[in-house]
Amino acid sequence: MRGQKTPSSSSSSSSSWFSHFCSSALRTKPVNSPLDTVLVSRNSTDALVRRLGLLDLILIGVGASIGAGIFVVTGTVARDAGPGVTCSFILAGLSCVLNALCYAELASRLPAVVGGAYLYAYSAFNELTAFLVFGQLMIDYHIGAASIARSLASYVVTILEMFPVFKDNIPSWIGHGGEEFFGGTLSINLLAPFLLALLTVILCLGVGESSIVNSFMTVLKVIIVIIVIFVGAFEVDVSNWSPFAPHGVKEILTGATIVFFAYVGFDAVANSAEESRRPQRDLPLAIIGSLLICIALYIGVCLVITGMVPYYLLGEDAPLAEAFSSKGLKFVSILISIGAVAGLTTTLLVGLYVQSRLYLGLGRDGLLPSLFSKVHPTRHTPIHSQVWVGIVAGALGGLFNVHMLSHILSVGALTGCRQVILLFQHAS
Ligand SMILES: NC(=[NH2+])NCCC[C@H](N)C(=O)O
């Protein structure tokens with residue numbers, strides 16, 4: 001009878017289930033799989049649309065990488081490492097360059113479809129490894145998006161409070177932090193999900209529209225960082241740079257592991273493969289180019305902040321802004337707040353974008369329900385994946401505060417980059 005199994009049939013079916021699981025888990029995606037070949041051809045209706053040029057891709061990389069890190073981490077690490085924080089950023093930058101070279105090589109060697117590190121793992125190792133890479137990336141991206149949305153909500157409220165109408169009128173469930181329940185385990189905030197919904201709508205509209213918003217915000221924040229470096233350079237007192245490493249090499253190395261966070265993001269370019277006009281040429285250039293831009297800007301900010309104020313006098317919460325305020329340059333502090341809003345907005349926008357493309361890749365490969373593989377016929381965006389990603393981030397960002405969310409984040413990001421280096425070694 002159907003559905004009723006004898007003990008021996010159930011054990012043979014469980015062994016066949018297990019062997020099926022093992023053979024699926026261990027299969028590798030062929031480098032030129034038939035589906036990928038169709039998707040790479042420009043006239044497939046299921047494919048995304050190839051609209052992004054080299055500059056768009058570089059701005060995606062810079063947009064994803066420069067967030068709050070540059071305005072906060074530079075100062076907080078400088079408090080321990082002294083002016084040697086510059087070396088921490090150089091060391092972390094160099095290790096990222098090695099990682100970026102792996103990404104660049106894999107991006108130009110494999111078919112130009114969505115997937116990034118997940119696709120590389122699937123081609124170099126097997127389905128199970130690829131799925132684990134996806135899982136790790138999702139923890140990082142989902143939690144990252146939620147906590148960035150919370151920080152962004154807090155910055156937006158700070159800016160709103162500059163207007164007398166809003167001063168002291170914004171309730172806690174919209175304002176900084178949130179309305180706390182169960183001893184702070186839950187912290188309700190509605191502005192974070194609202195901002196996520198807004199960005200999700202932009203992303204659903206089309207990659208061209210999203211790229212315009214990203215490019216505008218990224219150029220704005222880069223200009224602000226350049227102004228900060230330029231104005232700060234006139235306030236530098238070189239005597240603040242000596243001793244350069246007051247607490248020795250150990251603090252510089254420890255600092256390098258912390259500032260690594262500031263570089264996370266350039267890998268987003270690899271996920272734009274299917275929307276790039278000339279992926280084989282542009283992806284490697286954009287990955288390396290965006291990382292070099294970040295390294296240059298970070299070094300500039302480090303030298304300025306440690307040259308302006310003795311490292312032991314730097315503030316804890318907003319060190320860069322406080323350094324400028326202490327020199328009577330209040331307008332630069334306001335610019336830094338605007339830069340932080342632009343920075344957080346682009347890291348969030350690109351993060352949501354990358355997540356949806358990963359879901360799309362897994363949907364196509366049959367590792368997630370086929371719903372995730374749908375592409376909107378006129379907008380050419382993976383609309384279901386995009387909305388799903390927005391809902392998950394919105395729920396997390398609406399219910400938990402940054403403190404709860406941020407601890408898991410750095411660990412996830414660091415292990416993700418390590419995986420790509422391993423993948424490259426294996427693929428070679
Ligand atoms: N996937 C991520 N964890 N993204 C977070 C990027 C953070 C960014 N590098 C910053 O300095 O703010």
Side-chain angles (χ1 to χ4, degrees), residues 59-77 85 88-89 92-93 95-96 99-100 103 116-118 133-152 154-155 196 199 214 217-218 221-222 224-225 255-272 287 290-295 297-299 301-302 318-320 336-337 339-358 389 392-393 396-397 402 405-420:
L59 290 176
I60 285 181
V62 177
S65 307
I66 302 184
I70 191 168
F71 301 114
V72 183
V73 179
T74 34
T76 46
V77 174
V85 65
S88 305
F89 268 94
S95 82
C96 285
N99 190 234
Y103 265 104
Y118 154 79
V133 168
F134 167 77
Q136 180 275 320
L137 283 171
M138 279 308 111
I139 294 175
D140 172 42
Y141 273 115
H142 281 310
I143 298 170
S147 63
I148 296 171
R150 279 299 270 256
S151 310
L152 181 59
S154 177
Y155 267 105
L196 282 161
L199 294 180
N214 177 60
M217 295 288 225
T218 303
K221 76 179 164 187
V222 169
I224 290 177
V225 173
T257 62
I258 300 170
V259 305
F260 188 85
F261 172 79
Y263 288 109
V264 174
F266 60 86
D267 55 296
V269 179
N271 282 283
S272 313
I287 290 170
S290 56
L291 181 58
L292 293 180
I293 292 174
C294 293
I295 294 177
L297 293 177
Y298 289 164
I299 291 176
V301 171
C302 285
L320 195 58
I336 290 172
S337 295
V341 169
L344 291 168
T345 308
T346 54
T347 42
L348 190 53
L349 185 79
V350 179
L352 295 170
Y353 164 82
V354 170
Q355 288 177 70
S356 70
R357 271 51 181 177
L358 280 166
V389 162
V392 175
L396 289 171
V402 178
L405 296 163
S406 64
H407 279 281
I408 319 161
L409 193 74
S410 274
V411 180
L414 203 57
T415 50
C417 286
R418 175 83 191 119
Q419 279 167 356
V420 169

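When a ligand or atom number is given, it counts from 1 through the structure's own listing order. Every value quoted in this text rests on a predicted model; they were computed, and no experiment measured them.
Checked by distance only, ligand 1 and Tyr263 stay at 3.5 Å or farther apart across all their nitrogen or oxygen atoms. By the 3.5 Å distance cut-off applied to N or O atoms, Thr347 is not counted among the residues near ligand 1. In terms of N/O distances under 3.5 Å, ligand 1 is not approached by Ala64. Taking any N or O of Gly69, backbone or side chain, at least one lies under 3.5 Å from an N or O belonging to ligand 1.
Contact atoms of ligand 1 toward Val264: 1 (N), 2 (C), 3 (N), 4 (N), 6 (C), 8 (C), 9 (N) (distance under 4.0 Å to a heavy atom of the residue). Here is the list of ligand 1 atoms found below 4.0 Å of a heavy atom in Gly67: 10 (C), 11 (O), 12 (O). The atoms of ligand 1 that sit less than 4.0 Å from any heavy atom of Ala262 are 9 (N), 11 (O). Close approach to Tyr141 involves these atoms of ligand 1, each under 4.0 Å from a residue heavy atom: 1 (N).
When all heavy atoms of Leu320 and Ile70 are compared, the closest pair comes out as CD2-O, 4.3 Å.
Contact check for Cys294 versus Phe266: no side-chain heavy atoms found under the 4.5 Å cut-off. Residues Thr74 and Pro319 fail the side-chain proximity criterion, which asks for heavy atoms closer than 4.5 Å. With contacts defined as side-chain heavy-atom distances shorter than 4.5 Å, the pair Leu344/Leu348 does not qualify.
Not a single heavy atom of Gly265 sits less than 4.0 Å from an atom of ligand 1.
Not counting sequence neighbours, the partners of Arg357 by the salt bridge (Lys or Arg N to Asp or Glu O under 4.0 Å) test are Glu275. Not counting sequence neighbours, the partners of Thr346 by the side chain to side chain donor-acceptor pair (under 3.5 Å) test are Lys221.
Comparing Asp140, Ile70, Ile66, Leu344 by heavy-atom distance to atom 3 (N) of ligand 1, the nearest is Asp140.
In this structure, Tyr263 contributes its side chain and Phe89 its backbone to a donor-acceptor pair below 3.5 Å.
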